[in-house]
Amino acid sequence: MSDIELTYRKIEDTYLDITKSYLSIDERNIEKALLQHTGVYAFFGAVLAFAKREVDLASNSWEQEEARVREARRAELLDAGKKATDRALDAYVKTVSTVMEKESVKTEASHKYHLSKNIMNSLDHQKDMLVQISANKRAEIKLVGDIG
């Protein structure tokens with residue numbers, strides 16, 4: 001299992017550690033954060049891409065199962081001489097365990113995707129902060145140099 005997949009699989013359990021490790025900035029780690037930002041951004045971008053793929057796969061699997069169950073139920077009702085309304089089929093599909101399981105997988109994948117997206121949004125915000133802090137430090141050094 002790659003580091004990207006492992007991070008994705010454990011993102012809910014490690015979310016707080018990730019935010020503390022990669023997103024907190026103070027005077028002692030500004031230079032380190034600046035130097036590592038591109039690599040961290042690229043890594044979590046890959047985690048986000050992996051998460052998006054997992055959501056897409058789970059959604060496709062859920063849709064296929066829902067369609068399979070719906071069509072099987074439609075045929076069953078028509079064979080019994082009953083009307084197969086969309087409303088009746090919708091209600092039935094929601095009660096089938098295989099559809100509910102696929103929906104649960106889709107929901108979990110979506111949750112991990114949103115956690116990954118939050119990390120990327122935070123990294124974008126961090127980049128802006130690092131640029132501003134760096135500009136402020138350069139201006140401060142120039143000001144001190146001009147005064148001295």
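Each residue takes its place number in the sequence, starting with 1.
- Of the inter-residue distances, the one linking Lys32 atom NZ with Ile25 atom CD1 reads 12.5 Å to the nearest 0.5 angstrom.
- Annotation: salt bridge (Lys or Arg N to Asp or Glu O under 4.0 Å) contacts of Arg28 (sequence neighbours excluded): Asp26.
- Counting side-chain heavy-atom gaps under 4.5 Å among Ile, Leu, Val, Met, Phe, Trp and Tyr, Val131 is found in no cluster with other residues.
- With sequence neighbours excluded, the residues forming a side-chain contact (heavy atoms from CB on, under 4.5 Å) with Ser61 are Lys102, listed by chain and number.
- No side-chain heavy atom of Gln126 sits less than 4.5 Å from a side-chain heavy atom of Ser122.
- Among pairs with a residue in residues 42-61, those fulfilling salt bridge (Lys or Arg N to Asp or Glu O under 4.0 Å) read Arg9-Glu54, Lys52-Asp56, at least two apart in sequence or across chains.
- Sorted pairs that involve residues 57-89 and meet ring-ring contact (aromatic ring centres under 6.0 Å, His included), not counting sequence neighbours, are lacking altogether.
- Residues satisfying the side-chain contact (heavy atoms from CB on, under 4.5 Å) test with Asn60, not counting sequence neighbours, are Glu63.
- For the salt bridge (Lys or Arg N to Asp or Glu O under 4.0 Å) condition, no pair includes a residue of residues 109-119, sequence neighbours left out.
- By the side chain to side chain donor-acceptor pair (under 3.5 Å) test, Ser59 is found to be paired with no residue, residues two or more places apart in sequence or in another chain being considered.
- If you chain together ILVMFWY residues whose side-chain heavy atoms come under 4.5 Å of each other, Ile18 ends up grouped with Ile4, Tyr8, Ile11, Tyr15, Tyr22, Leu23, Val40, Tyr41, Phe43, Phe44, Val47, Leu48, Phe50, Val55, Tyr113, Leu115, Ile119, Met120, Leu123.
- Applying the side chain to side chain donor-acceptor pair (under 3.5 Å) test to pairs two or more places apart or on separate chains, those with a residue in residues 90-101 are Glu65-Thr98, Arg70-Asp90.
- A donor atom on one side chain and an acceptor atom on the other are found under 3.5 Å apart for Gln132 and Asn136.
- Scanning for side-chain contact (heavy atoms from CB on, under 4.5 Å) contacts around Leu35 gives an empty result, with sequence neighbours left out.
- The distance from atom CD of Glu31 to atom CG of Leu130, rounded to the nearest 0.5 Å, is 9.5 Å.
- Sorted by first and then second residue, the pairs that involve residues 75-85 and meet side chain to side chain donor-acceptor pair (under 3.5 Å), not counting sequence neighbours, are Arg73-Glu76.
- For Ser104 (side chain) and Met100 (main-chain N/O), no donor-acceptor pair under 3.5 Å exists by modelled atom type.
- Proximity of a side-chain donor or acceptor of Ser24 to a complementary backbone N or O of Lys20 within less than 3.5 Å is detected.
- Side chains of Leu34 and Ile30 form a contact here, defined as non-hydrogen atoms less than 4.5 Å apart.
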